[in-house]
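Within every chain, numbering begins at 1; the chains are lettered A, B, ... in the order of the sequence lines, protein sequences first and strands thereafter.
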There are 2 protein chains.
Amino acid sequence: MYSVRMSTPERLIESTRELLWERGYVGTSPKAIQQHAGAGQGSMYHHFAGKPDLALAAIRRTAEEMRATAEAVLGGSGSAHARVEAYLLRERDVLKGCPVGRLTMDPDVIASDELRAPVTETLDWLRDRLAGILEEGIARGEFTASLDPREVASAIVATVQGGYVLARSSCTPAAFDTAVRGLLALLGACAAAPSRAVSAN
Amino acid sequence: MYSVRMSTPERLIESTRELLWERGYVGTSPKAIQQHAGAGQGSMYHHFAGKPDLALAAIRRTAEEMRATAEAVLGGSGSAHARVEAYLLRERDVLKGCPVGRLTMDPDVIASDELRAPVTETLDWLRDRLAGILEEGIARGEFTASLDPREVASAIVATVQGGYVLARSSCTPAAFDTAVRGLLALLGACAAAPSRAVSAN
DNA sequence: GTCTATATACTGATAGAC
DNA sequence: GTCTATCAGTATATAGAC
C-alpha cells in the first residue's frame, strides 16, 4: 500500500513492479494489482489499457532502474577489476531474484516482443558495459590479452543471474556469494602476470 | 499427446513435465495437463490428489533425469578440465531453459518445501559433483591450488543457469555459448602453469 | 477519475454415475 | 478407472452511473 500522495497511476505501476518481481507476469492478476495499489477496477482500466499495458510500464521502469543501479557502480573510479568486483559484490535482494532476469522465465513475457524488449535491452546493455570495462582493463594490462571481453562479460552476467537461481533454490543468500567468489577467483587468476607485465615495461 | 500404449498416470506425469518446463507451475492448469495428456478430469483426480501432487511426481522425475544426464558426462573419463568442458558444452535445449532451475522463479514452488526439495537437491548434487571433479583436478595439478573447488563449482552451475537467462532474453542459443566460452577461458587461465608444474615434478 | 454491475471463460476441485 | 455434472472463486475485462 503506497502513500496517498502518490497518484493512482503511480501506485498501480509501483504495485505491478513489486508483484511482477514476486510472482511474475503469469502469476500476477489485475485484481491483485488493484488491491495492492488500493485502486478500483475502473480506475486501473481508465489509466491503462489492460494488464499487458500496465506490465509494460512497470517493466520499463524496473529495467531503467536496474541500469541506473548498475551504472552507479560500473561508472565509478578504480581499476577495471575493482569496478567489476564492486558490481558483483554490490548489495542485492538476492532471495527475491533479479526483477529483470526473472521475466525471461515468464512464457507470456518472452512471447511478447513488446514486453521482452526492455529485458533484452537491459541485459544487452549490462553485458556491453561490462565488456567495455574489461576491454579497458586488458588495454591497461590488468588482464591477459587472451581474454575475449564480450565472452567474459557474458559469463559475469550469467553468473549473477545463475547466482539468484542457486540462492532461491537453497533459500540462502550465501549461495549467490559463493558463486560470485568463484568467478572472482577465476578472474583474479587472469590478472596479467605481474612479473611479465613489469618486464614488458 | 502421448502414445496410447503409455498408461494414463504416465501420460499425465509426462504432460505435466512438459508444461512445467514451458509455462512453469503457476502457468500450468490441471485442465491444460488433462488436454495435453488426453485424459479426463476424473481420471487425473483418480490417480493424483491434485495439482501439487502431480507436479511433485513430475518435478521428481525431471530432477532425476537431469542428474542422470549430467552424470553421463561428468562420470566419463578424461581430465577434470575435459569433463567440466564436456558438461558445459553438452547439447541443450537452451531456449527452453533449465527444467529444474526455472522452477526457482516459481513462487508457489519455492513456497512449498516439498516441491522445492527436488530442485534444491539436484542443484546441490550438481555443484558437489563438479566440486569433487575440480578437487581431483587440483590434486592432479591441472588447476592452481589457490582455487576453492566449491566456489568454482558454484560459478559453473550459475553460469549455466544464467546462460539460459541470456539465451531466452535475446532469443538466441548463441548467448548461452558465449557465456560458457567466457567461463572456459577463465578456467583455462587457471591451469597450473605448465612450466612450474613440470619444474615441480 | 472512480465506482459498481455485469459477462465470459478458466481454475481447481468434488460427487457420483457408469 | 473414466466420464459428466456441478461448484465457488478467479481472470480479465466492458459498460455505464456518478
Counting N and O atoms only, with roles assigned by atom type, does the side chain of [X] sit under 3.5 Å from a partner on the main chain of [Y], one being a donor and the other an acceptor?
X	Y	result
A:Arg83	A:Leu74	yes
B:Trp21	B:Val100	no
B:Thr28	B:Leu19	yes

Write down the protein N/O and nucleotide N/O pairs, taken from nucleotides 11-13 of chain D, whose separation is under 3.5 Å; answer none if there are no such pairs.
| residue | atom | partner | partner atom | Å |
| --- | --- | --- | --- | --- |
| D:dA11 | OP2 | A:Ser29 | OG | 3.2 |
| D:dT12 | OP1 | A:Lys51 | NZ | 3.4 |
| D:dA13 | OP2 | A:Lys51 | N | 3.3 |
| D:dA13 | O5' | A:Tyr45 | OH | 2.8 |
| D:dA13 | N6 | A:Gln41 | NE2 | 2.7 |

Quick one: do [X] and [Y] make a salt bridge, cutoff under 4.0 Å?
X	Y	result
B:Arg102	B:Glu22	no
A:Arg67	A:Glu71	no
A:Arg17	A:Glu65	yes

Tell me, do A:Leu20 and A:Thr62 make a side-chain contact under 4.5 Å, heavy atoms counted? no
With a 4.0 Å cut-off on heavy atoms, is A:Gly40 in touch with a base, just the backbone sugar-phosphate, or nothing at all? sugar-phosphate
What are the 5'-most and 3'-most nucleotides of DNA chain C lying under 4.0 Å from any heavy atom of chain B? C:dC10 to C:dT14
Return the minimal non-hydrogen interatomic distance between B:Tyr45 and B:Gly50, and the atom names on each side. CE2-CA, 3.8 Å
